2 protein chains.
Amino acid sequence: MENIFNGKLMKLVDIGNTHFHIYNGRIRHLKKPVKLEGEVFYISVNTQKEKEFLKLNPSAVNLKEYVKFNTLYANTLGIDRIMACIAIEDGVVVDAGSFITLDVMEKGVHLGGVIMPGLYYLKEAYKKTPALDVGFVYPTSVPPKNTKEAVSEGSIGMVVEMIKKYGENKKLYFTGGDGEYLAKILNGIYINDLVFQGMIKVIKEEYDNSFAKR
Amino acid sequence: MENIFNGKLMKLVDIGNTHFHIYNGRIRHLKKPVKLEGEVFYISVNTQKEKEFLKLNPSAVNLKEYVKFNTLYANTLGIDRIMACIAIEDGVVVDAGSFITLDVMEKGVHLGGVIMPGLYYLKEAYKKTPALDVGFVYPTSVPPKNTKEAVSEGSIGMVVEMIKKYGENKKLYFTGGDGEYLAKILNGIYINDLVFQGMIKVIKEEYDNSFAKR
């Protein structure tokens with residue numbers, strides 16, 4: 001997706017809890033905010049980090065205000081999760097990080113979602129028991145035929161089954177640190193910059209639009 | 001199942017890593033070993049605790065030596081897991097404790113198994129993130145429609161899906177601390193003393209037999 005706005009390259013920033021993710025065609029992950037040139041659009045899930053960022057980039061536009069998100073979910077989704085959903089319109093989005101979020105989209109409507117512990121956390125469970133601290137292999141025999149397979153099916157396999165439950169007959173999109181790994185197992189599409197694709201879509205459809213109306 | 005051996009009430013002991021589980025018709029869980037009267041049979045997964053127990057009960061019989069367990073699994077299963085499997089012959093055994101073990105039995109043969117992190121551990125994952133520390137409800141909408149449902153499906157639901165995968169068209173037997181809860185969800189049979197039922201079976205079929213041959 002092209003990140004050109006009004007004929008100029010635009011900068012997109014996804015402010016997370018630990019990093020500033022900056023996109024200008026490729027993604028950089030920075031621990032500290034930097035001053036960016038040109039049109040700057042951002043989203044944020046961390047108020048403190050957002051303040052630090054705005055000190056250096058006072059005219060950056062918070063896209064949150066321009067998002068129209070149609071959802072049947074009662075609680076507010078994180079804005080990064082919303083952007084990933086907006087990017088796909090139809091299918092299932094899996095963002096596999098410290099938690100694994102799964103969101104179901106149908107014709108632009110968010111039907112709901114699941115929040116699983118991340119793969120790292122699930123694997124940690126076995127580390128405290130020497131007999132179970134034997135590493136992982138996937139896929140496994142069905143049913144598993146040794147301890148390594150048994151713990152792998154009990155961690156990676158559990159996540160895979162849950163994604164299958166919601167992904168049947170739907171397109172599966174993956175993003176996040178473990179996204180590429182899970183996409184391979186489940187024959188899904190891995191999109192590294194899915195959140196930014198959603199941001200660009202909001203800019204082109206909603207932000208542009210709201211300016212045209214002025 | 002009757003726990004009478006040679007016309008006398010027998011005592012069964014399952015030595016775990018934290019407790020001595022003692023069965024004489026009902027189950028008691030003790031932190032320290034006690035001297036038991038009459039015929040005493042035991043299994044153990046903890047060598048140190050076994051030694052303490054044998055000091056007080058030097059003539060207790062370790063059933064491990066009398067077990068015939070037919071398995072396609074490459075590693076040695078814990079003796080408690082073996083006893084629960086022997087008790088059922090056909091179906092799926094789920095022992096839901098700090099880990100949730102699932103074992104598939106067919107005509108007395110162990111086909112393999114899965115080791116999942118326990119429900120307590122899975123639920124702990126959400127406690128560090130205030131927005132996700134909202135409690136649990138199960139079953140949930142499909143897909144979940146709020147955060148409480150999303151984290152419940154992502155923890156309890158994951159375990160339920162895994163049990164369904166292996167339990168299709170099979171009888172489901174549950175034991176362990178969370179066994180009763182999971183049995184209700186999955187329409188399974190909860191058997192509090194499943195391990196002891198396996199021990200009694202071994203005593204009647206194998207131990208008896210080996211004495212008859214002397």
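Since we're looking at a predicted model, the values are computed, not measured. Numbers restart at 1 for each chain; the letters A, B, ... are given by sequence-line order, proteins then strands.
Note on B:Ser98, B:Ala125, B:Ala74, B:Gly112: by heavy-atom pairs under 4.5 Å with chain A, the leading option is B:Ala125. Between chain A and the residues B:Pro144, B:Gly157, B:Pro117, the most heavy-atom pairs under 4.5 angstrom are made by B:Pro144. Between chain B and the residues A:Thr147, A:Asp103, A:Leu102, A:Val151, the largest count of heavy-atom pairs under 4.5 Å involves A:Thr147. Among B:Met162, B:Met158, B:Met116, the residue making the largest number of heavy-atom pairs under 4.5 Å with chain A is B:Met158. With chain A as partner, the option from B:Asn17, B:Thr140, B:Asn75, B:Ile100 having the largest number of non-hydrogen pairs under 4.5 angstrom is B:Asn75. Of the listed residues B:Lys165, B:Lys164, B:Lys145, the one with more heavy-atom pairs under 4.5 angstrom with chain A than any other is B:Lys145.
Side-chain contact between A:Phe41 and A:Met10: present, with at least one pair of heavy atoms (C-beta onward) separated by less than 4.5 Å. A heavy-atom distance below 4.5 Å is not found between the side chains of A:Tyr42 and A:Asp14.
The environment of B:Lys170 atom NZ is dense: over 12 non-hydrogen atoms of other residues, nucleotides or ligands sit within 6.0 angstrom. For A:Glu65, the CD atom counts as densely surrounded, since its 6.0 Å shell holds more than 12 non-hydrogen atoms of other residues, nucleotides or ligands.
A:Thr101 does not touch chain B: none of its heavy atoms, backbone or side chain, sits under 4.5 Å away. Contact of A:Lys128 with chain B is made through the side chain alone, with heavy-atom distances under 4.5 Å. When heavy atoms are compared at a cutoff of 4.5 Å, B:Val104 approaches chain A solely by way of its side chain, counted from C-beta outward. Within the 4.5 angstrom heavy-atom criterion, only side-chain atoms of B:Leu132, from C-beta onward, approach chain A. In this structure, chain B has no heavy atom under 4.5 Å from any part of A:Val160. In this structure, chain A has heavy atoms under 4.5 Å from both the backbone and the side chain of B:Glu124. Heavy atoms closer than 4.5 Å to chain B are found in both the backbone and the side chain of A:Tyr121.
Taking the centre and axis of the six-membered ring of B:Phe136, the NZ or CZ atom of B:Lys148 falls outside the cone set by 45° and 6.0 Å.
Nearest heavy atom pair, residue A:Asp95 against residue A:Gly176, reads OD1-CA, 3.5 Å.
Scanning for ring pair (Phe, Tyr, Trp, His ring centres under 6.0 Å) contacts around A:Phe20 gives an empty result, with sequence neighbours left out. Not counting sequence neighbours, the partners of B:Phe99 by the ring pair (Phe, Tyr, Trp, His ring centres under 6.0 Å) test are A:Tyr126.
Between B:His29 and B:His19, the ring planes lie perpendicular to each other; the angle is over 60°, past the 30° to 60° tilted range.
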